[in-house]
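In this text the structure is predicted, and so the values were computed from the model without any measurement. In what follows, chains are A, B, ... by sequence order, proteins preceding strands, each numbered from 1.
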There are 2 protein chains.
Amino acid sequence: MTTAKKTPRGPADPKRRDRIIAAVLDVMTTEGLIGTSHRAVARAAGVPLGSTTYYFDSLEDLLAGALEKLTDDYAEALRAWAGPLAGHDRRRLALAMTDLVVDYLSDDSGRIRVEYQLYLAAMDRPRLRPLAAQYTATTVDVLSTLVPHSTAVALSAVLDGFLIRGLVSPVPLDRAELEDAFAAICTHHD
Amino acid sequence: MTTAKKTPRGPADPKRRDRIIAAVLDVMTTEGLIGTSHRAVARAAGVPLGSTTYYFDSLEDLLAGALEKLTDDYAEALRAWAGPLAGHDRRRLALAMTDLVVDYLSDDSGRIRVEYQLYLAAMDRPRLRPLAAQYTATTVDVLSTLVPHSTAVALSAVLDGFLIRGLVSPVPLDRAELEDAFAAICTHHD
DNA sequence: CTAATCTATGTACGGACGTACACTTACGGA
DNA sequence: TCCGTAAGTGTACGTCCGTACATAGATTAG
C-alpha cells in the first residue's frame with residue numbers, strides 16, 4: 001500500500017453542519033420547539049434552505065443532531081463538575097447539587113429549557129428516544145462515580161424534577177428545600 | 001322583582017364544549033402534541049371545524065382547556081389516593097408513592113404522556129404556564145396534608161423525575177430503586 | 001483540457017394549517 | 001304568526017411548511 005489515501009472530494013465543509021446544529025439550538029431558545037422549522041434554522045445559520053435538507057435527512061434528524069450535541073456537552077460539563085467532588089462527604093455533594101440546579105436555572109435557563117423541550121419531544125418522535133435516554137443515563141453514570149448506583153438514580157430523578165419545576169414555576173425554587181431533598185437522599189443509609 | 005329569570009337563548013349545548021376538550025386529549029394521546037390541530041380535534045369530536053373556533057378563541061385556548069381539565073381530574077384523583085394514607089407511617093407512604101408511579105406508567109401511560117406534553121407546551125406558550133404551575137402545585141398541596149411542606153416538595157420532585165424517566169426510558173423503572181428514593185425522603189428527619 | 005463526479009443550492013409543489021367571517025338555523029318575545 | 005337576535009357552521013384566504021429535485025459549481029482523474 002503506497003499512498004492509497006481516501007480522497008474526500010469537494011470542500012465538504014464540516015463546519016457547516018455544526019453551524020446548522022448551533023442554529024437549531026438558537027432558534028429553539030428564542031422561538032421554542034414550535035417555531036423550529038427548516039426555514040427558521042436556515043435563516044439563523046445564514047445558510048440556504050437547501051443546506052438544511054442536504055446535511056440532515058429530515059427535520060427530526062435536525063432535532064436529533066441538536067439533542068446529540070446537547071448530550072455530549074452536558075456529559076462533558078457534568079464530568080468536570082463531578083471531578084473535584086470525589087472523596088468528599090455526602091453533605092458536600094448535596095450542596096454541590098443544589099448549586100448545580102440554582103446555577104443552571106439562573107445562568108443557563110435558556111439552554112436547560114431547550115434540553116427539556118427536546119427531551120419531552122422524544123415522546124412523540126421515535127428517532128429521538130434513544131438520545132433522550134442517553135441524556136438521563138449520563139446523569140446516572142456520572143453520579144455513580146460518587147455514590148452507589150441506587151443513590152445516583154434517586155439523585156438524578158430529584159434533579160430532573162426540580163429543574164422542570166424551575167422552568168415552569170412562576171416562583172423561584174427555595175434553596176433550603178433543594179438542599180434538604182438532596183441531603184435526604186445523600187445521607188440515606190449512611 | 002318578580003320572575004326576572006336569566007334567559008339563556010339558544011340551545012347553547014354545554015356538552016359540546018366538553019366533548020371538544022375530551023377530543024383534544026384523545027388526539028394528543030394518539031397523534032401527540034404535534035398532530036393536535038383544529039381539524040384533527042374536530043374530526044375526533046365529531047363536530048364541524050367551525051365549532052372548535054366558536055367555543056375556543058384559539059388553538060392555545062383549546063390546549064388550555066385540556067390542561068385545565070387534566071389538572072382538575074388529577075387533583076381529584078390524587079386527593080382520593082391520599083385520603084386513606086393519613087395517619088399512617090412514612091414507610092407506608094413511600095410504598096404508596098411507588099405504587100402510584102408504577103400504576104400510572106402501566107395503566108395510564110397515555111394520560112401521563114399527555115400531561116407532560118402539555119407541560120412541555122407550556123414552556124412555549126405563556127397562556128399555559130399558570131395552568132402548568134397549578135398542576136405541580138396540586139401535588140405539593142396534597143402531599144402537604146400528609147407530611148411537612150419541605151418533604152412534600154421533595155417527594156413531588158422525585159415523582160416528576162421518575163415519571164418523566166419512565167415515559168422516555170426504554171427500560172422499565174426498577175421498583176426497588178423507586179421505593180428506596182421515596183423512603184429516603186420520607187424517613188429523613190424522623 | 002475534458003470529462004466525470006461529488007458538493008451544494010434555488011425553486012417549486014402539494015398540502016395542511018389557523019382563523020376570519022358571511023351565512024344559516026332555531027329559538028323567544030310580542 | 002312573524003321578527004329580532006343569538007347560536008352554530010361551511011367555506012375560503014393567505015401563510016407556512018417539509019421535502020423533492022433539477023441544476024449549478026467545484027474538484028480531481030486521465
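- Regarding B/K15, its NZ atom lies at a distance of 17 Å from the C1' atom of D/dA7, rounded to whole Å.
- For C/dA8, one of the phosphate oxygens OP1 or OP2 lies less than 4.0 angstrom from a side-chain nitrogen or oxygen of A/Y55.
- By the side-chain hydrogen bond (donor to acceptor under 3.5 Å, both in side chains) test, B/T52 is found to be paired with no residue, residues two or more places apart in sequence or in another chain being considered.
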Under 4.0 Å protein heavy-atom contact, by nucleotide of nucleotides 13-23 of chain C - B base, S sugar-phosphate only: ----BBB----

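- Rounded to whole Å, the distance from CZ on A/R19 to C1' on C/dA8 is 14 Å.
- With sequence neighbours excluded, the residues satisfying side-chain contact (heavy atoms from CB on, under 4.5 Å) with B/E60 are B/S58, B/R125, B/P126, B/R127.
- Under the side-chain contact (heavy atoms from CB on, under 4.5 Å) criterion, A/R92 pairs with A/H88, A/D89, not counting sequence neighbours.
- Not counting sequence neighbours, the partners of A/D174 by the side-chain contact (heavy atoms from CB on, under 4.5 Å) test are A/A176, A/E177.
- Residues that satisfy the side-chain contact (heavy atoms from CB on, under 4.5 Å) test with A/P130, not counting sequence neighbours, are absent from this structure.
- Residue-environment remark: CZ (A/R175) exceeds the threshold of 12 foreign heavy atoms within 6.0 Å.
- For the pair A/Y54 OH and D/dG25 P, the computed distance is 16 Å after rounding to whole Å.
- Taking only side-chain nitrogens and oxygens, A/S51 comes nearer than 4.0 Å to OP1 or OP2 of C/dT9.
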